Student: 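Quick one: the structure is below, and I'll ask about it shortly.
Here is how names work: the chains are called A, B, and so on, in the same order as the sequence lines, proteins then strands, and each is numbered from 1. Note that the coordinates shown come from a computational prediction; the quantities given were computed from them, not determined experimentally.
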There are 2 protein chains.
Amino acid sequence: MAKTVEESEDDTGKQGAYTVQALDNAISLLMLVADNPDLGLSDLSRKLGAGKARVYRQLKTLEDRGLVSCSEPHRTYRLGYAALLLGAKASAQIDLVQSAKPFLDRLGKALQETVQLRVLDGQESVCVANWVPDRDLRVQTPVGSRTPLYAGSGKILLAYMPEAEQAHILSLPRKRFTDGTMVDEGALKAILSQIRHDGYGVSRGEMEAALISAAAPIFGQGSRIVGVLVVGAPATRMDNERLQHTLDLVCAAARELTAVIGGSPPSSVVRPGSF
Amino acid sequence: MAKTVEESEDDTGKQGAYTVQALDNAISLLMLVADNPDLGLSDLSRKLGAGKARVYRQLKTLEDRGLVSCSEPHRTYRLGYAALLLGAKASAQIDLVQSAKPFLDRLGKALQETVQLRVLDGQESVCVANWVPDRDLRVQTPVGSRTPLYAGSGKILLAYMPEAEQAHILSLPRKRFTDGTMVDEGALKAILSQIRHDGYGVSRGEMEAALISAAAPIFGQGSRIVGVLVVGAPATRMDNERLQHTLDLVCAAARELTAVIGGSPPSSVVRPGSF
DNA sequence: ACCATCGGTTCATTAGACGAACCAAATCCC
DNA sequence: GGGATTTGGTTCGTCTAATGAACCGATGGT
């Protein structure tokens with residue numbers, strides 16, 4: 001029934017020639033614990049399609065190193081402090097995140113709306129850093145949250161992606177979230193080229209009806225897109241004037257951030273006078 | 001020379017009976033990358049006392065899973081996005097951290113000083129969550145930063161630790177950071193019992209001369225100490241009156257937090273009328 | 001009081017992790 | 001510039017050690 005993890009070969013699970021299985025399996029376990037906290041040994045081994053002995057030993061090893069911890073009442077596992085510290089160190093080491101923080105801060109404080117930095121991961125967009133305002137009604141997007149590439153701010157990542165990959169993504173089935181979700185390939189392609197032309201993108205309720213977001217691309221060396229800066233707000237707080245203002249700030253921030261990390265925007269978006 | 005990692009047997013490196021070495025070694029590598037970003041293959045394998053082949057394969061597996069990433073220019077490794085996301089999930093899963101966040105927030109906003117949640121890890125205190133004010137002069141203590149247990153806020157963790165462990169820690173050598181650092185065992189023990197009596201602790205420049213911190217313990221089930229809430233401020237901003245106010249808030253927050261996570265303070269600190 | 005399932009343990013087998021040896025390409029270093 | 005040392009990366013055979021299957025006592029639902 002439950003297809004075993006080790007034999008998956010198609011989707012993301014292609015393991016390079018240099019994979020250490022013992023380690024790769026253990027990472028699967030770690031990720032499983034991350035995604036499903038508070039499962040017991042049996043549940044974990046079942047979901048992994050692996051023997052209990054293996055899972056048990058891997059768990060204990062991870063536990064010894066503090067990456068997972070075992071809650072005593074009913075022997076249930078979740079991530080431990082070492083995972084927390086690892087994340088803190090990662091956020092300090094990853095250039096893009098580190099460089100983006102002051103920009104997120106500044107944008108957030110200026111607009112008092114949720115600001116995110118999102119990057120491409122597989123066929124999705126992941127939030128890797130954010131700033132959230134301290135108000136009752138706000139857009140909530142925790143670090144780690146994922147969205148597809150064909151809706152909302154993901155479109156910016158899609159728009160600037162290498163042709164081949166983009167075509168592949170476009171060939172995948174799309175799910176409708178709201179009335180505004182772009183499911184038609186033609187319309188989507190048109191928007192993507194619009195985004196490339198404008199150098200920014202706006203989503204009006206594509207993922208969530210009452211939500212508007214404004215996003216601008218960040219580029220690295222060789223004009224490769226490395227992330228998007230996104231401001232998300234309740235539609236009620238985003239009239240046209242305010243949207244324009246938001247776009248100005250986001251685009252400026254994205255341009256600056258691109259410069260900071262030593263990247264360069266593709267030639268097509270270099271407007272007259274900007275050089 | 002460089003003693004190999006696998007053979008360490010004393011300090012923290014005792015590997016339980018159920019350790020899978022392949023995984024344990026790989027975790028050592030991951031931690032090494034976390035602590036020394038931007039090292040090359042040879043450096044890493046040397047620091048680990050392991051062959052290049054092994055390290056290379058482990059690195060590639062970690063890279064496939066996004067836990068580390070390889071910067072192209074000179075093939076140098078650092079933590080990857082998966083580590084970042086793991087940390088985000090950990091912080092959502094670890095009850096103490098999750099429950100503490102609103103308290104950190106409230107304390108920070110009320111006092112406009114750095115607030116930290118620290119827990120015990122090995123023989124040190126580690127910061128696992130914090131709130132930092134947006135002012136020019138502030139105490140900077142990133143998540144993951146470590147301090148010994150005999151100085152500053154670590155003393156609270158030490159004070160409420162089980163006798164045996166406490167004795168062990170006290171038997172270790174102590175390093176003097178400032179004039180205020182407690183190196184004398186007698187004085188230190190006196191302070192520890194003072195802390196247990198008061199239910200809070202104050203550090204006046206024990207770690208850093210110009211720095212005052214006020215800290216209160218957080219207890220879990222069975223009155224076991226699970227963390228400390230710490231407010232740190234430049235001494236110049238902390239006169240006696242303000243210190244008293246700070247202590248009131250920190251103690252109240254720690255008490256509330258203890259209640260929220262279902263813990264109970266030890267009987268000795270239950271003041272008359274509080275029950 | 002039953003049965004199902006739990007976390008944990010043991011052991012023999014053989015998969016697969018690893019060390020040693022070996023490359024080609026950079027980088028030193030006079 | 002060119003010999004000497006590095007570097008990152010690769011290959012292969014050996015023997016370690018990771019694993020699956022089977023087992024066990026404890027727990028808990030009914």
Student: Which residue lies toward the 5' end of DNA chain C, A:G40 or A:V20, if each is placed at its nearest nucleotide?
Tutor: A:G40
Student: Touch check for B:A53, heavy atoms < 4.0 angstrom, all strands: base, sugar-phosphate only, or nothing?
Tutor: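 If one applies the 4.0 Å heavy-atom cut-off, B:A53 turns out to touch a base.
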Student: Any side-chain N or O of A:Y18 under 4.0 Å from OP1/OP2 of D:dG9?
Tutor: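 False: A:Y18 side-chain N/O out of range (4.0 Å or more) of D:dG9 OP1/OP2.
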Student: In whole Å, what is the span from the NZ atom of B:K47 to the P atom of D:dT7?
Tutor: 14 Å
Student: From C-beta outward on B:Y77, which listed nucleotide comes closest to its side chain: C:dG19, D:dA18, D:dG9?
Tutor: D:dG9
Student: What is the separation between atom CZ on B:R54 and atom P on C:dG16, rounded to the nearest whole Å?
Tutor: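 Going from B:R54 (CZ) to C:dG16 (P), I get 18 Å.
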Student: Checking contacts here: which listed nucleotide (C:dG8, C:dC6, D:dT11) is nearest the side-chain heavy atoms of A:S42?
Tutor: C:dC6
Student: Take atom CG of B:L59 and atom C1' of D:dT7, then tell me their distance rounded to the nearest Å.
Tutor: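 Spelled out: CG on B:L59 to C1' on D:dT7 is 14 Å.
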Student: Report the distance from atom NZ of B:K47 to atom CG of B:L32, rounding to the nearest 0.5 Å.
Tutor: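 It comes to 6.5 Å.
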Student: Look up atom CD1 in A:I225 and atom CD1 in A:I156, then write down how far apart they are to the nearest 0.5 Å.
Tutor: 7.5 Å
Student: Within the structure, does a side-chain N or O atom of B:Q21 lie under 4.0 Å from either OP1 or OP2 of D:dA18?
Tutor: yes
Student: In whole Å, what is the span from the CZ atom of B:R75 to the C1' atom of C:dT27?
Tutor: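 Rounded to the whole Å, the gap is 15 Å.
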Student: Could you give the distance from OG (B:S91) to CG (A:L85), rounded to the nearest 0.5 Å?
Tutor: 11.5 Å
Student: In whole Å, what is the span from the NZ atom of A:K60 to the C1' atom of D:dA17?
Tutor: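 It works out to 20 Å between those atoms.
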Student: Roughly how many Å is it from CG in A:L41 to P in C:dT9, rounded to a whole number?
Tutor: 11 Å
Student: Answer yes or no: does a side-chain N or O of B:Y56 lie under 4.0 Å from OP1 or OP2 of D:dG8?
Tutor: no
Student: Ignoring hydrogens and geometry beyond distance, is a side-chain donor-acceptor pair present between B:T141 and B:R118 at under 3.5 Å?
Tutor: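 Absent: no donor and acceptor within the cut-off.
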Student: Ignoring hydrogens and angles, are the base of C:dG8 and the side chain of A:K52 linked by a donor-acceptor pair under 3.5 Å?
Tutor: yes
Student: In sequence, state the C-alpha distance, the side-chain angles, and the governing distance for A:Q140 and A:V132, and then conclude on side chain to side chain contact (heavy atoms under 4.5 Å, CB included).
Tutor: CA-CA 7 Å; A:Q140 199 63 280; A:V132 293; 3.8 Å; yes
Student: Among D:dT7, C:dC6, C:dG7, which nucleotide has an atom closest to any side-chain atom of A:R46?
Tutor: C:dC6
